[in-house]
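Let me begin by presenting the structure, written as structure tokens, before commenting on it.
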Amino acid sequence: MKRTITETLDAAVRNIFPGEAVLPPVFLEKPRNKDHGDYATNIAMTLASQLKKNPREIAAMIIDQLGKDGAVFKNVGIAGPGFINMSLSDEYWRNMLIDINKRGKAYGQGALGRGETVNIEFVSANPTGPLHVGHGRGAAVGDALARVMAAAGYSVTREYYVNDAGSQIRNLGISVNYRIREAKDPGLVKEVEFPESGYHGEYIKEVAAKLIADSGNGPLISEIMGLSHEDCLDPGHELTSKTGDLAQSLLLGRISDTLKDFGGINFDIWSSEQGLHAEGKVGDTIEEFRNKGLIYDKDGASWFRSSDFGDEKDRVVVKDDGTLTYLAADIAYHKEKLEKKYDHIIDVWGADHHGYIPRVRGAIEAMGFDPEKFKVLLVQMVSLTREGKPVVMSKRSGNFVTLKEVVDEVGSDAARYFFLMRRYDSHFEFDLDLAKKATSDNPVFYVQYMHARICSIIRNAAEEGIEPPAPEDVALELLREKEELEIIKILVSFPEIVEGSASAMEPHRIAFFLQDLAIAFHSYYNKTRVLVDDLRLSKARLYLVCAAKIIVSNALGLLGVKAPEKM
RNA sequence: GCGCCUGUAGCUCAGUUGGAUAGAGCAACUGCCUUCUAAGCAGUAAGUCGCAUGUUCGAAUCAUGCCAGGCGCACCA
């Protein structure tokens, strides 16, 4: 819709000023004030400075050109310093309903992405514990962005990078081994403190119990019981990494389950850090950097010259004990993603990792890839409130609220909607009480209720023998209420919202769109009956609400929130 | 100390990439159910866009400097 008008204007401008090589792009906006029409452009003003002419004069010329295309426009005028305000005819708007009803689920999908490939990596939480609410926000944002970009015509791959290697997994092994020994024989660990740097959460005990149950007191458990205290706390011990691996895959399974229950989040690729090491990809990358002179040795360690690429200092990739840092693996990981020829690579990270961006981007640049292809979305922190008071979370004591707890408490729909109704880069206060409310205070219910109400109308109509009509069977001109045209205009803007949301990578725009639509609908519903004595009018209105149902359902789908038929 | 994010109505937040008179939702107050779901609607009230300069026809939006809050500044992951 918007594009059609933009092109029309562009053509008009080119017609009038054929000699000018460089014409500014036509910029169309929706005026805040409805009196200013459906669309407005400042093109005459931007042209004015370039052509050294009066903007109102230019505007008049453009309008004159547009006048020849009378079918679309109802009203075109000059306003203020040189804005051109345009209104489309009611008939034009009403006819858009046919398009919506015909295309159904596909309405809103666009070609902005032109099939370009996008890799979105999100969550990627370490498999050393359950997901917390912060991960939940990242999960909702990443998944919704994937849906929005797919709708906008990108070919999207969802990826989870599993940090299943390194000292954290050995640390996990130590923690679990301790709990296994404690569970089997409390006297055995009485003399030994649980390691300060270990994982203190209660879930470690659950993992221990599960491993004991799975093994049926088999050889692994007896071996663990037979360890000396020193071996048990030794990160290098064989049993430490063995238990660590088992615990890690168990915890990753739980993470995956939690995400499935959180609006059905699935990943196309689960990348393994361990795998990168095993296939020698990390070593190869280090080698490549060394050959290119991007790495130097100092103090027994190897340093990547990230400061040459905008980082504030150089970073160690090989420690003086010969082991590799997380960054080393991460460089290899991003190299792999870039070599797969994705057109865009998007990483969704917690905002606490922002300091990490320059070194990764630096590495990407150093490898000769276009750093523009790489975008990081920093999802800001989440704080929880209950009864108006903050819920204290401390990772230290293992006393943090998990995503599963929140989803169990408020439901997946509310949790997802709440995470997605704010910009991802603003600090977010999650009101648990509000999320549970079943009233209009709660935005997610408000929007879902719109869908349920429409379904109810359709059911009632069916009982009276009125089925949703075919386009040729509808007298659209009967839709004369101003609320009806307002709703249509909102519905028609949906594809633009999807495009904007995708190109700005801002899924929250979908939530705001839904809010606006629901307000318009509920207001209309309260004022105007759909099913009236006049059958033709009933059908026309039914046709309208069917279109509205399609749009709510499609938009909710982009957020991964259900559109219930009954509430 | 350095870097990143944030600062808009009492509260939680939008603001279409620089446009016209800054908008929603809560909370507060006033009304509306013999009518398709009141999980709803209509109305009232609410602002020094953190502060200060600058850029230009035009700034909540861009630049610089302050102020406040959050988060980072490892041979941890």
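Just the heavy atoms: all of them, side chains too, but no hydrogens, waters or symmetry mates, feed the values below. Chain naming here is simple, since letters A, B, ... match the order of the sequence lines and numbering starts at 1 in each. Just so you know, these numbers come straight off a predicted model, no measurement behind them.
For B/C41, one of the phosphate oxygens OP1 or OP2 lies less than 4.0 angstrom from a side-chain nitrogen or oxygen of A/Tyr446. Between A/Thr325 and B/A77 there is no side-chain polar atom (N or O) within less than 4.0 angstrom of OP1 or OP2.
Atom name C1', nucleotides B/C33 and B/A39: the rounded distance is 14 Å, in whole Å. A gap of 15 Å separates the C1' atoms of B/A77 and B/G72, to the nearest Å. As rounded to the nearest Å, B/U61 and B/U6 have P atoms that lie 13 Å from one another.
Base engagement by A/Asp299 is indicated by at least one non-hydrogen atom pair under 4.0 Å involving a base atom. At the heavy-atom level, A/Phe512 lies under 4.0 Å from the strands shown only through sugar-phosphate atoms. Residue A/Asp311 is classed as having no contact, given no heavy-atom separation below 4.0 Å to the nucleic acid. A/Ser426 comes within 4.0 angstrom of sugar-phosphate atoms only, judged by non-hydrogen atoms across all strands, and of no base.
A 4.5 Å side-chain heavy-atom check between A/Lys375 and A/Asp347 finds every atom pair outside the cut-off. You'll find the side chain of A/Ile331 stays beyond 4.5 Å of the side chain of A/Val360, heavy atoms only.
Under the 30°/60° scheme for interplanar angles, the aromatic rings of A/Tyr525 and A/Phe521 are found to be tilted.
Within 6.0 Å of atom CZ in A/Arg536, 12 or fewer heavy atoms from other residues, nucleotides or ligands are found, so the atom counts as exposed in its surroundings. Atom NZ of A/Lys436 sits in a crowded spot, with more than 12 heavy atoms from other residues, nucleotides or ligands closer than 6.0 Å. Around CG of A/Asp321, the count of heavy atoms belonging to other residues, nucleotides or ligands within 6.0 Å exceeds 12.
Residue A/Gln515 places its side chain closer to B/G25 than to any other of B/A14, B/G25, B/C41. Of all nucleotides listed (B/C13, B/U37, B/A20), B/A20 comes nearest to the side chain of A/Ala40. Out of B/U37, B/U35, B/A77, the shortest distance to the side chain of A/Arg529 is found at B/U35. When each of B/A77, B/C13, B/A42 is scored by its nearest atom to the side-chain atoms of A/Ser523, the top-ranked nucleotide is B/A42. Comparing B/C5, B/C41, B/U37 by their closest approach to the side chain of A/Asp425 singles out B/C5.
Between A/Phe304 and A/Tyr296, a ring centre-to-centre spacing not shorter than 6.0 Å is recorded. Taking the ring centroids of A/Phe374 and A/His344, they lie at or beyond the 6.0 Å cut-off. Between A/Tyr356 and A/Tyr326, the gap from one ring centroid to the other is short of 6.0 Å.
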Report task. With ring-ring contact (aromatic ring centres under 6.0 Å, His included) as the test, would you mind laying out the steps for A/Phe428 and A/Phe418 before giving the verdict? Result -> CA-CA 9 Å; A/Phe428 175 48; A/Phe418 271 58; 7.1 Å; no

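Glycosidic torsion of B/C33 falls within 90° of 0, placing the base in syn.
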Quick one: which protein N/O atoms are closer than 3.5 Å to N/O atoms of nucleotides 71-74 of chain B? Pair and distance per line, please.
{"from": "B/C71", "atom 1": "O2", "to": "A/His354", "atom 2": "NE2", "distance (Å)": "3.1"}
{"from": "B/C73", "atom 1": "O2'", "to": "A/Glu312", "atom 2": "OE2", "distance (Å)": "3.3"}

Identify all pairs in which a protein N or O lies below 3.5 Å from an N or O of nucleotides 15-18 of chain B, and state each distance.
{"from": "B/G15", "atom 1": "OP1", "to": "A/His508", "atom 2": "NE2", "distance (Å)": "3.3"}
{"from": "B/G15", "atom 1": "OP2", "to": "A/Arg423", "atom 2": "NH1", "distance (Å)": "3.3"}
{"from": "B/U16", "atom 1": "N3", "to": "A/Lys30", "atom 2": "O", "distance (Å)": "3.4"}
{"from": "B/U16", "atom 1": "O4", "to": "A/Lys30", "atom 2": "O", "distance (Å)": "3.4"}

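Look at CG on A/Asp320: it is 6 Å from C1' on B/C75, rounded to the nearest Å. Here B/C75 presents its P atom at 16 Å from CG of A/Asp330, a figure rounded to the nearest Å.
The residues A/Asp330 and A/Lys335 are annotated as not salt-bridged, no charged nitrogen and carboxylate oxygen being separated by less than 4.0 angstrom.
Ring stacking is absent between A/Phe83 and B/G19, as the pair misses the limits of under 5.5 Å between centres and under 30 degrees between planes.
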Report task. Using Watson-Crick or G-U wobble pairs with both distances under 3.5 Å, give me RNA chain B in dot-bracket, 5' to 3', with [ ] for crossers and | for pairs to another strand. Result -> (((((((..((((.....[...)))).(((((.......))))).....(((((..]....))))))))))))....

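Map A/Asp314 and A/Ile84 each onto its nearest nucleotide of RNA chain B; the residue landing nearer the 5' end is A/Ile84. Along RNA chain B, the nucleotide closest to A/Asp516 and the one closest to A/Tyr524 are compared, and the more 5′ of them pairs with A/Asp516.
No donor-acceptor contact under 3.5 Å links the side chain of A/Asp164 to the base of B/A77.
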